[in-house]
Colleague: 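Below is the structure I would like to discuss, written out as structure tokens.
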Amino acid sequence: MLNVSHVTKKYGKVLACDDLNFHLDPGTVTVLLGPNGAGKSTIIKAMIGFLKYEGEITVRDFSNKTPDARRLLGYIPEMPSLYPNLTVSEHMEFIARAYKLGGSVGRDAYQSRIEELFERFELTDKRKKFGDELSKGMQQKLNICLGLLPEPQVLLLDEPMIGLDPHAIKELKSLIEEMRQEGKTILVSTHMIDSVDMLWDRTIIMKEGRIQANLTRDELAADGRSLEQLFFDRTEDNA
């Protein structure tokens, strides 16, 4: 579904991503792990099309820079970027119009989707609040709802569970599992290993812009190590 081929990204003399290659299959959850500065956010921003890079990234054989690919891609950033003068409901309506959801599924359908997301993430009574009136946790919940509303085929999540309460974490994990069962492709970038330990089908571990490990859950089980053990083995200074 999503293919990263020989992707390199430099910031001046700093090599943030060094010749990265990997493939994300439909109906799978991939966990992207690495310490701070490993290049996780950089490769996600390259995949979503926010950064220039060397190499090639395709989504269902479309270049990720094309409208066809962007219609398939969804992104939930680490830091919410909300409009202070829009209410919670207006943020959702803005995304619905930006993705022209009324034309593809009908207004009633996407309004039902909004209500479902509001209920699951406890935003129903916050619908009239402005973006800058929300707590950080509520901003993150809205951030997640905005990314989920278009029902993308490929969803990229960058540290999505930071700031969430236990109920919201449970709902997000349930939604990720539902998407996997629907055959969608999910990539979750995090350094909180325990928050994703039960979710993943494949893990990619990065350090200093390079991939240190890329293997499935079954391959790791055969190796006899836990995900945490593999992470430290591949990212500690003596690795």
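Worth knowing before you read on, the calculation uses all heavy atoms, side chains too, and leaves out hydrogens, waters and symmetry mates. Model, not experiment: these values are computed from the prediction.
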Colleague: Does D125 CG have over 12 foreign heavy atoms under 6.0 Å away?
Modeller: yes

Colleague: Would I114 and Q111 count as a side chain to side chain contact (heavy atoms under 4.5 Å, CB included) if you check the C-alpha gap in whole Å, the side-chain angles of each, and the deciding distance to 0.1 Å?
Modeller: CA-CA 5 Å; I114 289 173; Q111 286 294 339; 4.1 Å; yes

Colleague: Is there a side-chain contact between T216 and D201 (heavy atoms, below 4.5 Å)?
Modeller: no

Colleague: Validate the cation-pi geometry between K65 and F50: distance from NZ or CZ to the six-membered ring centre under 6.0 Å, angle to the ring axis within 45°.
Modeller: no

Colleague: Where do A46 and Y53 come nearest, in terms of heavy atoms and distance?
Modeller: O-CE2, 3.6 Å

Colleague: Evaluate the criterion side chain to side chain contact (heavy atoms under 4.5 Å, CB included) for residue pair N214 and R202; output intermediate values, then yes/no.
Modeller: CA-CA 7 Å; N214 180 354; R202 176 177 294 277; 2.8 Å; yes

Colleague: Quick check for you: to the nearest 0.5 Å, what is the distance between L220 atom CG and Q229 atom CD?
Modeller: 8.5 Å

Colleague: Within a reach of under 6.0 Å around CD of E116, are more than 12 heavy atoms found that belong to other residues, nucleotides or ligands?
Modeller: yes

Colleague: May I ask you to test the F121-N143 pair for a side-chain heavy-atom distance under 4.5 Å?
Modeller: no

Colleague: Would L123 and L117 count as a side chain to side chain contact (heavy atoms under 4.5 Å, CB included) here? Give the steps.
Modeller: CA-CA 8 Å; L123 287 172; L117 291 169; over 6 Å; no

Colleague: For the atom pair CG (L142) and NZ (K129), what is the distance rounded to the nearest 0.5 Å?
Modeller: 13.5 Å

Colleague: Tell me the closest heavy-atom pair linking P152 and G147, and the distance in Å.
Modeller: CD-O, 3.7 Å

Colleague: Indicate yes or no for a side-chain donor-acceptor contact from E236 to the backbone of D233 under 3.5 Å, with no hydrogens or angles considered.
Modeller: no

Colleague: So, do E90 and N85 sit near enough that their side-chain heavy atoms are less than 4.5 Å apart?
Modeller: no

Colleague: Kindly indicate whether the side chain of E151, heavy atoms from C-beta on, has any atom under 4.5 Å from the side chain of L148.
Modeller: no

Colleague: Give a yes or no answer on whether the side chain of T203 reaches the backbone of V31 with a donor-acceptor pair at less than 3.5 Å.
Modeller: yes

Colleague: When the ring centroid of F94 is compared with that of Y83, is the distance short of 6.0 Å?
Modeller: yes

Colleague: Among I48, V188, T30, T185, which residue satisfies the side chain to side chain contact (heavy atoms under 4.5 Å, CB included) criterion with L156?
Modeller: I48

Colleague: Could I get the full list of side-chain hydrogen bond (donor to acceptor under 3.5 Å, both in side chains) partners for T58, not counting sequence neighbours?
Modeller: none

Colleague: Mind checking whether I76 and Y110 sit in one hydrophobic cluster, side chains of I, L, V, M, F, W, Y counted as touching below 4.5 Å?
Modeller: yes

Colleague: Flag the pair L146 / L82 as yes when at least one side-chain heavy-atom distance between them is below 4.5 Å, and no otherwise.
Modeller: yes

Colleague: Check G39 against C17 and note the closest heavy-atom contact, atom names and distance.
Modeller: O-SG, 3.7 Å

Colleague: Say whether, by atom type as modelled, one donor and one acceptor occur between the side chain of N64 and the main chain of M47 under 3.5 angstrom.
Modeller: yes

Colleague: Under 4.5 Å between side-chain heavy atoms, hopping through other hydrophobics if needed: is there a path connecting L187 to L199?
Modeller: no

Colleague: How close do A69 and S63 get, counting heavy atoms only, and between which atoms?
Modeller: CB-O, 3.1 Å

Colleague: In this structure, are over 12 heavy atoms from other groups packed under 6.0 Å from R97 atom CZ?
Modeller: no

Colleague: Does a salt bridge link K40 with D158, judged by any charged N lying under 4.0 Å from a carboxylate O?
Modeller: no

Colleague: Is the backbone N or O of M161 less than 3.5 Å from a side-chain atom of Q140, with the two atoms forming a donor-acceptor pair by type?
Modeller: no

Colleague: Would you kindly confirm whether V154 and W200 end up in one hydrophobic cluster when ILVMFWY residues are joined by side chain heavy atoms under 4.5 Å apart?
Modeller: no

Colleague: Establish, from distance only, whether the side-chain atoms of S5 and E56 form a donor-acceptor pair under 3.5 Å.
Modeller: no

Colleague: Judged by atom type as modelled, is there a donor-acceptor pair below 3.5 Å linking the side chain of D165 to the main-chain atoms of A168?
Modeller: yes

Colleague: Rounded to the nearest 0.5 Å, what's the gap from NE2 on H6 to CG on D18? Could you check?
Modeller: 12.0 Å

Colleague: Do the side chain of K9 and the main chain of K52 share a donor and acceptor less than 3.5 angstrom apart?
Modeller: yes

Colleague: Kindly give the heavy-atom pair with the smallest separation between L20 and G209, and that separation in Å.
Modeller: CD2-O, 3.3 Å

Colleague: Hey, what do you get for CZ (R60) to CE (M1), rounding to the nearest 0.5 Å?
Modeller: 4.0 Å

Colleague: Take L149 and R113 through the test side chain to side chain contact (heavy atoms under 4.5 Å, CB included) and record every step on the way to the result.
Modeller: CA-CA 7 Å; L149 179 60; R113 174 68 169 167; 3.6 Å; yes

Colleague: Can you tell me if K173 has over 12 outside heavy atoms packed within less than 6.0 Å of its NZ?
Modeller: yes

Colleague: State whether the side chain of R180 and the backbone N or O of I186 hold a donor-acceptor pair below 3.5 Å, judged by distance alone.
Modeller: no

Colleague: Enter the distance from T190:OG1 to I162:CD1 here, rounded to the nearest 0.5 Å.
Modeller: 6.5 Å

Colleague: Okay, side chain of H167, backbone of R120: is any donor-acceptor separation there less than 3.5 Å?
Modeller: yes

Colleague: For the hydrophobic clusters of this structure (ILVMFWY residues joined by side-chain heavy atoms under 4.5 Å, transitively), does one cluster hold both L175 and L157?
Modeller: yes

Colleague: Between D19 and T8, is there a side-chain donor-acceptor contact under 3.5 Å, judged purely by atom types and distance?
Modeller: no

Colleague: Name all pairs fulfilling the side chain to side chain donor-acceptor pair (under 3.5 Å) condition that reach into residues 66-75, sequence neighbours left out, sorted by first residue then second.
Modeller: D68-R71

Colleague: Could you go step by step and tell me if E133 and Q139 meet the side-chain hydrogen bond (donor to acceptor under 3.5 Å, both in side chains) rule?
Modeller: CA-CA 9 Å; E133 293 179 329; Q139 288 183 359; over 6 Å; no

Colleague: Give the minimum heavy-atom separation between E159 and E78, together with the two atoms involved.
Modeller: CB-CG, 3.8 Å

Colleague: Cluster question for you: counting only ILVMFWY and a side-chain heavy-atom cut-off of under 4.5 Å, with indirect links fine, are I205 and I43 together?
Modeller: no

Colleague: Has E115 got a side-chain atom pairing as donor or acceptor with S112's backbone, closer than 3.5 angstrom?
Modeller: no

Colleague: E208 and R210: salt bridge (charged side-chain N to carboxylate O under 4.0 Å, His left out), yes or no, with the steps?
Modeller: CA-CA 6 Å; E208 297 177 349; R210 296 181 179 179; over 6 Å; no

Colleague: Do L33 and M206 have side chains that approach each other closer than 4.5 Å (heavy atoms only, starting at C-beta)?
Modeller: no

Colleague: Is there side-chain contact between K128 and V88, with heavy atoms separated by less than 4.5 Å?
Modeller: no

Colleague: Please confirm whether the backbone N or O of T124 pairs with a side-chain atom of R127, one donor and one acceptor, at under 3.5 Å?
Modeller: yes

Colleague: Roughly how far apart are L215 CG and R225 CZ, rounded to 0.5 Å?
Modeller: 8.0 Å

Colleague: Do M138 and S135 have side chains that approach each other closer than 4.5 Å (heavy atoms only, starting at C-beta)?
Modeller: yes

